[in-house]
Amino acid sequence: MGCSVTQKARSGIINPIFNCQPAGAQYAGIGVKDCIPLVHGGQGCSMFVRLLFAQHFKENFDIASSSLHEEAAVFGGIKRLEAGVDSLVKRYPDLRVIPIITTCSTETIGDDIEGSIRKLQRMLKRDHPGRIVHLVPVHTPSYTGSAVSGYNVAVQAMVTTIAKKGEANGKLNVFTGWVNPGDVTELKHYLTEMGIDATILLDIESFDSPMMPSKDSFTHGSTTVEDIEGSANAAASIALSRYEGYSAAQYLERIFEVPATLTPTPIGIRNTDIMLQQIQKITGKAIPESLVRERGVALDALADLAHMFFADKKVAIYGNPDLVIALAEFCREVELKPVLLLLGDENGGYVKDPRILNLQQNVDYDMEIVCNADLWELEKRIKNKEIELDLIMGHSKGRYIAIDAGIPMVRVGFPTFDRAGVYRNPVIGYKGAMMLGETIANTLFAQMEFKKDREWLLNTW
Amino acid sequence: MPMKLLDCDTLIPEREQHVYIKEAGEDTTQFLPISNAATIPGTLSERGCAFCGAKLVIGGVLKDTIQLIHGPFGCAYDTWHTKRYPSDNDNFQLKYAWSTNVKEKNVVFGAEKLLKLAINEVFDAMPAIKRMFIYTTCSTALIGDDPKAVAKAVIAERPDVDIFVVECPGFAGVSQSKGHHVLNMGWIHEKVGQVEPKITSPYTINFIGDYNIQGDTDVLQRYWHKLGIQVIAHFTGNATYDECRGMHRAQLNVVNCARSAGYIANELKKKYGIPRLDIDSWGFSYMATGLRKVGDYFGIQDKVEELIEEEEDKWKPKLDWYKERLKGKKMAIWTGGPRLWHWTRAVEDDLGVQVVAMASKFGHQEDFEKVIARGREGTVYIDDGNELEFFEVIEMVKPDVIFTGPRVGELVKKLHIPYVNGHAYHNGPYMGFEGFVNLARDFYNAVNSPLWALAGQNIQEGL
Amino acid sequence: MADKAESLVTFIQERCLWQFVSRAPDREENIDGVLTLVGILLTGGVPKLQTPMDRLHFANANHLVTEIKTEFPWITQLGKEELFAVVTGAIKRIHGLTVKNSKNGELHQPLY
């Protein structure tokens with residue numbers, strides 16, 4: 001009885017929960033304006049990831065490749081890297097940032113990225129005088145960590161390279177972690193309501209880009225070079241994700257004395273409360289009545305659902321670790337029973353995560369948290385009838401598990417390409433909690449009707 | 001005219017040799033784009049890697065085979081949920097991605113032990129599956145692992161399994177094409193001939209170079225079935241590992257995708273004397289021509305004419321309905337390579353459509369010889385096109401629709417140009433008679449969507 | 001006669017894939033095989049099909065002849081010698097276009 005933390009026993013992976021480090025680094029890079037990440041490796045490392053982002057957002061993101069070919073295996077890849085930077089700088093006159101993202105091939109070959117960057121900066125000065133392009137070394141071999149750590153490494157690398165001591169700007173840095181545009185919208189709403197001047201790292205609200213009559217709207221991130229430079233001069237940083245972006249906040253604290261606060265990922269009522277109170281404490285700005293009302297609306301909506309439809313329903317959750325843990329906490333708020341959490345990489349820190357320790361202490365039913373998991377761990381438990389689930393919450397690459405087992409599934413996290421518009425909605429905040437609750441409810445309702453399982457309950461709910 | 005240097009390429013003038021605009025009186029002995037050459041880094045080329053060409057395009061299509069990717073897990077993740085090739089084996093090949101999950105310590109100390117362990121783990125986890133492809137990736141190629149030796153050891157311990165190893169690290173070659181080549185050559189040299197198929201018809205073929213995208217193979221298989229032709233192996237749409245080991249017994253190799261699988265057709269001719277018949281299985285008229293050729297080979301012309309008549313009765317009226325409405329429309333094709341030459345003339349003859357620009361990711365010069373011979377004058381032909389070139393070409397030719405991948409489609413959407421998925425189709429299948437009607441339907445619905453006109457209106461300026 | 005051969009060549013170039021297989025010797029084999037049969041069939045001859053390659057060339061030639069007759073009605077009016085000249089001219093031209101003068105560097109690779 002209770003919550004146990006286990007490790008996947010197999011060495012190999014069947015159905016990885018996320019992508020490898022360079023993919024996460026690219027996700028961070030595209031959040032910056034006038035930035036084209038250059039992935040230093042085989043063409044697949046960037047091309048597959050561009051496709052992945054397109055599947056999730058239904059948008060094209062500009063990411064370049066150094067197009068490593070065979071001779072690099074013998075002679076090293078630096079020439080390709082330098083040619084790549086050269087092509088980009090020449091053909092994209094507005095380009096201001098190039099994160100140079102390494103991959104397993106170039107890390108194995110041992111290319112000296114930092115040395116190359118120094119040489120490239122000299123070349124830039126000579127060939128493009130007056131032009132400033134930040135070349136950010138991002139070391140993300142795929143044989144360590146995962147997209148989660150890759151994102152973290154890249155955010156820190158960009159901050160390390162670009163943050164610049166200047167005049168104090170009184171702003172709040174917000175390190176969002178791996179979120180969706182809808183989450184950024186919700187965050188901005190809170191900050192506006194509280195009258196806070198903030199730098200959102202990374203501001204990806206603009207990923208949800210329009211078709212404009214002028215035909216000149218293309219998809220890109222909105223965090224500027226000035227935003228990143230200014231992060232060194234903020235009044236404080238708050239990080240919403242322990243594993244995605246917090247390292248950058250810690251860096252700013254260490255080097256520029258910008259105090260950093262880590263708040264539990266704000267999914268669910270309680271976690272959102274904590275975040276808002278942290279922000280209030282850090283900035284001195286009061287939480288306005290409007291947000292109390294929004295909280296109330298969410299609670300009101302969830303109260304209609306919890307004990308009627310959610311109570312005792314068993315849920316499995318997989319995805320990025322902060323997302324999974326926070327979703328589990330939200331589920332418990334609304335009487336859903338998370339019984340299986342799948343955390344997908346070898347990060348030894350999970351077992352020390354205070355939120356997981358908390359679950360271990362307080363959960364009074366059988367719950368398993370599998371570390372270093374893959375989705376086969378979910379599928380085989382279902383197939384072997386070790387577990388009976390009422391709901392799965394996770395990203396679209398696990399869809400066949402749900403489809404084949406006939407278990408209702410709510411798409412959440414990344415990527416969510418098999419449902420329309422998921423990225424446009426928040427999962428964080430009060431609105432996020434409410435929308436999650438209602439999506440879960442509607443998913444369960446659709447299942448009831450499809451299976452003709454007491455669907456008459458809804459006749460008069 | 002001589003090769004074309006686009007404005008966006010002024011600072012990378014090497015690109016001039018890759019872009020051609022056909023003019024009257026010219027032929028490919030005068031002007032032929034350089035192809036299958038090194039990519040210029042940093043250009044936002046559309047190319048993928050050799051591993052993609054081997055696993056995602058060809059190997060991963062097999063319906064009864066574990067696709068174990070020897071490397072860090074990203075390569076497996078990235079080639080999972082990225083294709084639409086169903087099968088009649090409950091779509092096993094769509095549901096899983098297997099990785100040996102190479103870690104830093106394996107890169108330092110070698111990963112062969114890990115590979116052996118992972119192979120056994122997977123066979124144990126999925127006991128109903130007895131066949132496996134193993135792919136090397138960038139890191140496992142660099143560290144010098146010998147996966148073939150490991151595979152051999154496992155087969156010795158598990159005599160009911162068979163394993164095929166493809167050495168296709170991402171940095172090999174210059175694009176997906178290298179992966180096609182390596183897989184084809186490995187298969188013919190190591191596996192073809194190991195299984196004797198049961199012969200059930202006097203007419204036997206392999207159908208080579210079709211991957212059952214949205215059920216293309218099923219469309220064609222219905223034709224072969226009606227004609228009483230036994231397909232020994234589809235390479236590799238809806239196929240099994242062992243079917244593909246019996247390819248040596250076919251009397252004829254019918255080839256659609258000459259780019260990805262021409263290699264094995266060539267080798268089958270060299271080694272077993274099986275002739276190679278190239279057809280186009282996309283295109284309404286082309287399908288009839290292709291079937292007639294097969295009919296002529298086997299002397300079953302009557303059956304073929306009967307089939308063609310039946311199909312044309314059923315589908316030509318619908319095709320003509322679309323032709324009436326698509327006449328004169330301008331199309332661009334930005335895909336891998338072969339669909340350029342498969343489609344350019346087919347859409348012109350069957351739908352009255354003009355293809356005004358084409359770009360190939362990984363085509364060779366052979367593909368450009370074909371497309372330029374079949375294609376129009378004034379059309380832009382590009383090898384290894386990149387994003388800025390796409391924008392410039394759109395300005396030049398103003399296509400009504402672009403057949404390309406979803407990501408590029410989502411880019412051109414901002415210019416209010418519809419796309420149809422040229423790789424995995426919108427609503428396919430697109431092969432065969434009914435398939436071309438499907439293609440026409442998607443084309444028609446794309447260009448006639450009321451959304452484009454709405455997108456062009458600026459509400460600040462009145463309606 | 002040169003125009004006529006040229007229009008036939010253009011037609012074949014636009015329609016046929018067998019002239020574009022991977023290597024020079026294979027292209028030459030196909031060009032000679034198919035177009036020789038085309039010549040025979042256009043004169044109403046009955047080709048001797050003994051080997052699988054003979055049947056392949058026939059498969060590539062037979063329907064092509066039907067198309068040629070539709071596209072170029074004059075061709076059935078030609079005498080045997082004139083037809084021979086046209087076909088021989090076409091063979092030579094296509095050899096030139098797809099093998100001898102082709103810019104395709106892969107044609108002469110010894111391996112596939």
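Below, chain A is the first sequence line, B the second, and so on; all start at residue 1.
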- Message: Quick check on A:Gln55 against chain B: is it the side chain, the backbone, both or neither that has a heavy atom closer than 4.5 Å?
- Response: side chain
- Query: A:Ile98 versus chain B, heavy atoms under 4.5 Å apart: side chain, backbone, both or neither?
  - Reply: neither
- Query: Do other residues, nucleotides or ligands put more than 12 heavy atoms under 6.0 Å from B:Glu395 CD?
  - Reply: no
- Interface moiety of A:Ala23 toward chain B, non-hydrogen atoms closer than 4.5 Å: neither
- Task: Return the option, out of B:Leu454, B:Leu388, B:Thr43, B:Val107, with the maximum number of heavy-atom pairs under 4.5 Å with chain A.
- Result: B:Leu388
- Note on the structure: Scored by heavy-atom pairs under 4.5 Å with chain B, the best of A:Val49, A:Asp62, A:Leu51, A:Asp86 is A:Asp62
- Do you see a donor-acceptor pair shorter than 3.5 Å between the side chains of B:Thr39 and A:Gln43? yes
- Item | A:Glu346 portion near chain B, given a 4.5 angstrom heavy-atom threshold | side chain
- Quick one: which of B:Ile143, B:Ile40, B:Val408, B:Leu94 has the most heavy-atom pairs under 4.5 Å with chain A, could you say? B:Leu94
- Most chain A-contacting option - heavy-atom pairs closer than 4.5 Å, from B:Gly456, B:Ala172, B:Gly173, B:Ala118: B:Gly173
- Does a sphere of radius 6.0 Å around NZ in A:Lys79 hold more than 12 heavy atoms from other residues, nucleotides or ligands, not counting ones at 6.0 Å or beyond? no
- Message: If the threshold is 4.0 Å, N to carboxylate O, is there a salt bridge linking A:Glu377 and A:Arg10?
- Response: yes
- Item | From A:Phe61, A:Phe53, A:Tyr423, residue fulfilling ring-ring contact (aromatic ring centres under 6.0 Å, His included) relative to A:Phe207 | A:Phe61
- Checking heavy atoms, do the side chain of A:Leu68, its backbone, both or neither come under 4.5 Å from chain B? both
- Message: Just so I know, are the side chains of A:Met47 and B:Cys49 near enough to count as touching, which here means a heavy-atom distance under 4.5 Å?
- Response: no
- Item | Electrostatic pair B:Glu46-B:Arg407, nearest N-O below 4.0 angstrom | yes
- Query: Which bit of A:Ser65 comes within less than 4.5 Å of chain B, counting heavy atoms only: side chain, backbone, both or neither?
  - Reply: backbone
- Interface moiety of A:Pro141 toward chain B, non-hydrogen atoms closer than 4.5 Å: neither
- Side chain, backbone, both or neither: which part of A:Phe417 has a non-hydrogen atom closer than 4.5 Å to chain B? side chain
- Under the criterion ring-ring contact (aromatic ring centres under 6.0 Å, His included), which of B:Tyr77, B:Phe133, B:Phe92 is the partner of B:Trp98? B:Phe92
- Contact part of A:Ser396 toward chain B, heavy-atom cut-off under 4.5 Å: side chain, backbone, both or neither? backbone
- Please look at A:Tyr400 and chain B and tell me whether the side chain, the backbone, both or neither of the residue comes under 4.5 angstrom of a heavy atom of that chain. side chain
- Report the relative orientation of the aromatic rings in B:Phe391 and A:Phe218; use parallel for angles under 30°, tilted for 30 to 60°, perpendicular for over 60°. perpendicular
- Between A:Thr103 and A:Ser105, a side-chain donor and acceptor under 3.5 Å: yes
- Message: If I measure from the heavy atoms of chain B, does A:Ile63 come under 4.5 Å with its side chain, its backbone, both, or neither?
- Response: backbone
- Okay, A:Tyr92 and chain B: the region with an atom under 4.5 Å from a heavy atom over there is side chain
- Note on the structure: Honestly, the part of A:Glu379 sitting under 4.5 Å from a heavy atom of chain B is side chain
- Item | Distance flag, aromatic centroids of A:Tyr318 and A:Trp376, threshold under 6.0 Å | no
- Task: Against chain A, work out which of B:Cys138, B:Ser175, B:Ala141, B:Gly170 has the most heavy-atom pairs shorter than 4.5 Å and name it.
- Result: B:Cys138
- Item | Salt-bridge criterion met for B:Asp90 and B:Lys95 (N-O under 4.0 Å) | yes
- Query: So what's closer than 4.5 Å to chain B heavy atoms on A:Pro22: side chain, backbone, both or neither?
  - Reply: neither
- Note on the structure: Comparing B:Thr100, B:Leu142, B:Ile119, B:Asn106 against chain A, the one with the most heavy-atom pairs below 4.5 Å turns out to be B:Leu142
- Rounded to the nearest 0.5 Å, the NE2 atom of A:His40 sits from the CG atom of A:Leu81 at a distance of 4.5 Å
- Query: When only pairs under 4.5 Å are counted, which of B:Asp9, B:Val412, B:Leu411 shares the most heavy-atom pairs with chain A?
  - Reply: B:Leu411
